[in-house]
Amino acid sequence: MTHFLKNSKILTLLFGSLTLGTQAQTVDKVNDPVEWINPLMGTASKPSLSTGNTYPAIALPWGMNFWMPQTGKMGDGWAYTYDADKIRGFKQTHQPSPWINDYGQFAIMPITGKIRFQEDQRASWFSHKSEIAKPYYYSVYLADHDVTTEITPTERAAMMRFTFPKTDSAFVVIDALDKGSFVKIIPEKNQIIGYTTKNSGGVPENFKNYFIIQFDKPITYKSVWKAKELLANELSVTDNHVGAVVGFKISKRGEQVTAKIASSFISFEQAEINLKEVGNQSFEEVKNLGKGIWNTALSRIAVEGGSVDQTRTFYSCLYRTMLFPRKFYELDAKGKVVHYSPYNGQVLPGYMFTDNGFWDTFRAVFPFFNLMHRNLNSQIMEGLVNAYKESGFLPEWASPGHRDCMIGSNSASLIADAYIKGVRGFDVETLYQAMLKNSENEGPLTSVGRKGVKYYNDLGYVPYDVKINENAARTLEYAYDDFCIYQLGKALNKPASELERFAKRSQNYKNLYDPSHKLMRGKNADGNFQSPFNPFKWGDAFTEGNSWHYTWSVFHDIKGLSNLMGGKKEFANMLDSVFVVPPVFDDSYYGFVIHEIREMQIMNMGNYAHGNQPIQHMPYLYNYAGQPWKSQYWVREVMNKLYQPTPDGYCGDEDNGQTSAWYVFSAMGFYPVCPGTDQYVLGAPLFKKVTLSLENGKQVVIKAPNNSADNKYIGNLKWNGKDYSKNWLSHNDLQKGATLDFLMQSSPATNRGVSETDIPYSFVK
């Protein structure tokens, strides 16, 4: 086996150069990064236990439409699960999360033999052994129909190819799903058009997803259906749940039927325009184009010198960072950017992006865009301007319009981080005014604006006893968001009185600090802490976590938090305690063990709950305590133990790229603890070499040639050849291009990075 791996030209072409060491097989170079991705990573999930809650998204980066094989029943958020036996169809999907569910979806399914159009009857057994899943291509053999289905996508269109046996009963079923749908067969054009209205909320009354399906063979059988009834003599139907069945003459085994598919949220005419993304290209041409697009995007970060599993995990995570938020805009007949507004139902000029929960993604996904995809993030910011103008509030969880999910007004973090890190080309003044509005108003949903804002502004916290759930978490996030407003206001030269207001409010986290426990705690309106207090109680005053998780949500003022705890030594002791205390929990707020609790419990890392977002930055906080080697240790432990390129590869919800972005940043050796500042906080690189190709043409080269499983600690760091002792990196300086040389070693370097000048930014100096 060793000889084969060293000398196989095929493997070298596919996977780069592989060498064997004493510890593990090492990947010296990646030539074809898209082939290292496993889109099935995280799909072995269920409501009670998430190993990612992902599905294989067959899509281009940030594409408007994704495609997926559908194993779950219609309307099930767990639409594809790895342990399923049958596929019910191939679905155009816009689902960002099983908890948010889908919208604008319809399904296509090839069948043979008797006409069966209902999902349970048309479903076919399949095996992962006859399944190929790549970002740009999906293929599977449907055993009950003896048909192989292939899919390859563009941003707003796709091609499907069905390989049939010799049969006089080869059919394709189109399911426009329930909640109101329409289909029409146009046999003279070998075409089907239709629309679906199925959604899970967040849409105007006139919402429709218009689709067009163009076959390359003459339609020899045609029928529409509604509910359970086949309407054999009709070519169109509108009802609650409708679809179509078309048949083709297949004269020999292996004969193929190809379908070109596009959709639009604007009109049938726009769907026709979107179909031009496929044009006259063959299936293979679209497939190869998609592969090239992915490889171009992925190759901007080249990793070398990791194990096979580390390399696969890295590129699988990088793929997940490049899916959401999706493009919700289209190009009209004149090539102009237009969008259907998911807020007011109008067709308007300009960019729109959606399918994102900022509570998750402000932490690392958007900082990643500001590092590597700045032009994209400029467009996303302009999309936020449009969302604000069309709805009156900034979105916090959009899919496609406002959804009532999660807390905070973390859009402030996205906007401030983009502007402070030099992203331009958007109306920052309008976004600043939108942030000010958030700081003084509740929204029409609890997820927009600030729930409990009057209490927060008057008392300095949202009280525990005023019937506002997750009040302590809201307080902590509002305080950080006020810091972001302060930072942006300062950059925009806003009046001193305005800056002072938000500087003061950024310190509101202190109002919830309980010195007797050295933890954050809910507080009643009369100024007394809520009692009894159980720091292991999930929910209640906190959001999907407990006090041990949320106490660290003072991203902007870690030194201030450390001072409250008695200084760096006590602060470090409290950080240690997170990993030391057992994974005990109190689930009484929920009345059952939610999946986030179970995921913490089974990971065997104390009360550290990496499967959910609030604590993901916490391992980096040892850098503020003068003990950076502990950050290096724990970050490596999390990467090694909690991530694998397998169907159960995540330790909780992947969440629109956030849990993946944590890995991508951490593998590079740094992490954005406090978006809205210029700094990244050091961990330690995972690979021997990482090369970042920035949009401005500069490169950041991260070298750690003696990196290994044992050598996880930083002994020395040189920035452009000069010794560098700080525990943080400047975004601004990285954008100029840089070479970072890490000397890694097997024991902690307890004298490096321990002075006050080495500590990352805090609001309190």
Side-chain angles (χ1 to χ4, degrees), residues 67 69-70 74 86-92 106-126 139-152 157-177 181-196 211-239 241-263 271 275 278 282-283:
W67 286 87
Q70 181 187 349
M74 179 177 63
K86 293 184 177 182
I87 287 176
R88 291 180 162 83
F90 301 91
K91 188 170 76 160
Q92 186 187 94
F106 59 94
I108 299 174
M109 181 69 174
I111 63 170
T112 56
K114 181 181 177 182
I115 292 177
R116 291 154 285 173
F117 54 87
Q118 294 181 65
E119 62 175 353
D120 288 343
Q121 284 68 49
R122 72 189 185 224
S124 172
W125 282 79
F126 80 107
S139 174
V140 70
Y141 175 67
L142 302 173
D144 288 306
H145 304 300
D146 193 19
V147 175
T148 296
T149 296
E150 301 168 275
I151 309 170
T152 189
M159 289 187 74
M160 283 191 182
R161 187 164 64 187
F162 311 108
T163 303
F164 284 100
K166 182 180 179 181
T167 179
D168 60 359
S169 54
F171 304 100
V172 175
V173 177
I174 290 83
D175 190 342
L177 305 184
S181 48
F182 160 78
V183 293
K184 180 180 181 181
I185 303 171
I186 309 173
E188 63 273 19
K189 292 184 176 182
N190 301 314
Q191 192 180 90
I192 297 173
I193 64 171
Y195 64 71
T196 174
F211 60 82
I212 178 170
I213 305 169
Q214 180 72 57
F215 295 100
D216 70 340
K217 285 189 179 297
I219 294 172
T220 58
Y221 172 88
K222 47 198 174 292
S223 180
V224 295
W225 55 271
K226 65 177 181 179
K228 299 180 180 181
E229 181 184 2
L230 191 67
L231 306 174
N233 296 318
E234 298 185 36
L235 295 179
S236 67
V237 61
T238 305
D239 211 300
H241 184 184
V242 306
V245 182
V246 291
F248 304 92
K249 179 178 174 58
I250 304 296
S251 58
K252 61 181 180 180
R253 182 171 183 82
E255 194 169 340
Q256 295 177 328
V257 175
T258 300
K260 297 178 179 180
I261 309 153
S263 70
L275 194 61
V278 173
S282 69
F283 186 94

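For S181, the side-chain contact (heavy atoms from CB on, under 4.5 Å) partners at least two apart in sequence or on another chain are A176, V242. Considering only residues two or more places apart in sequence or on other chains, K91 meets the salt bridge (charged side-chain N to carboxylate O under 4.0 Å, His left out) condition with D102. Under the side chain to side chain donor-acceptor pair (under 3.5 Å) criterion, S223 pairs with no residue, sequence neighbours left out. Under the rule for a side chain to side chain donor-acceptor pair (under 3.5 Å), Q70 has no partner lying at least two apart in sequence or in another chain. Looking at residues two or more places apart in sequence or on another chain, you find a salt bridge (charged side-chain N to carboxylate O under 4.0 Å, His left out) between K226 and D239. K189 pairs by the side chain to side chain donor-acceptor pair (under 3.5 Å) definition with nothing, not counting sequence neighbours. Partners of F248 according to the ring-ring contact (aromatic ring centres under 6.0 Å, His included) rule, which considers only residues two or more places apart in sequence or in another chain, are F215. Not counting sequence neighbours, D168 has no partner by the side-chain contact (heavy atoms from CB on, under 4.5 Å) test. Residues satisfying the side chain to side chain donor-acceptor pair (under 3.5 Å) test with E255, not counting sequence neighbours, are K217, S251. K166 meets the salt bridge (charged side-chain N to carboxylate O under 4.0 Å, His left out) test with no other residue; sequence neighbours excluded. Residues that satisfy the side-chain contact (heavy atoms from CB on, under 4.5 Å) test with T220, not counting sequence neighbours, are K249. The side-chain contact (heavy atoms from CB on, under 4.5 Å) check on S139 picks up I132, Y137, T148, E150, with sequence neighbours excluded.
Counting heavy atoms from C-beta on, the side chains of F283 and Q256 never come closer than 4.5 Å. With a 4.5 Å cut-off on side-chain heavy atoms, D216 and V257 count as touching. Side-chain contact between R116 and H145 is present, with at least one heavy-atom pair separated by less than 4.5 Å.
Minimum heavy-atom separation, V245 to I185: O-CD1, 4.1 Å. Here the shortest heavy-atom pairing between V278 and K260 reads CG1-CD, 3.6 Å. In plain terms, the two heavy atoms of T112 and D144 that are nearest each other are OG1-O, 4.4 Å. For the pair P110 and F164, the tightest heavy-atom approach, listed with the atom from each and the gap, is CB-CZ, 4.2 Å. Nearest heavy atom pair, residue A262 against residue A157, reads CB-CB, 3.8 Å. The minimum heavy-atom distance between S124 and L142, with the atom names listed, is OG-C, 3.3 Å.
Distance check, rounded to the nearest 0.5 Å: CG of N190 to CD of E188 gives 9.0 Å. Note: R253 CZ to T167 OG1 = 10.5 Å, rounded to the nearest 0.5 Å. To the nearest 0.5 Å, atom CD1 of residue I115 and atom CH2 of residue W225 are 12.5 Å apart. One finds the CD atom of E229 at 11.0 Å from the CD atom of Q118 (value rounded to the nearest 0.5 Å). Here the CD1-OG1 distance, from I108 to T149, works out to 10.0 Å after rounding to the nearest 0.5 Å. Atom OG1 of T258 is separated from atom CD of Q214 by 11.5 Å, given to the nearest 0.5 angstrom.
Within a 6.0 Å sphere centred on CG of N233, other residues, nucleotides and ligands contribute 12 heavy atoms or fewer.
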Exercise. Check the pair I212 / I261 against side chain to side chain contact (heavy atoms under 4.5 Å, CB included), numbers first and verdict last.
Key: CA-CA 6 Å; I212 178 170; I261 309 153; over 6 Å; no
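Using a 4.0 Å cut-off between charged nitrogen and carboxylate oxygen, R122 and D175 count as a salt-bridge pair.
Relative orientation of the F106 and F211 rings is parallel, given thresholds of 30° and 60° on the angle between their planes.
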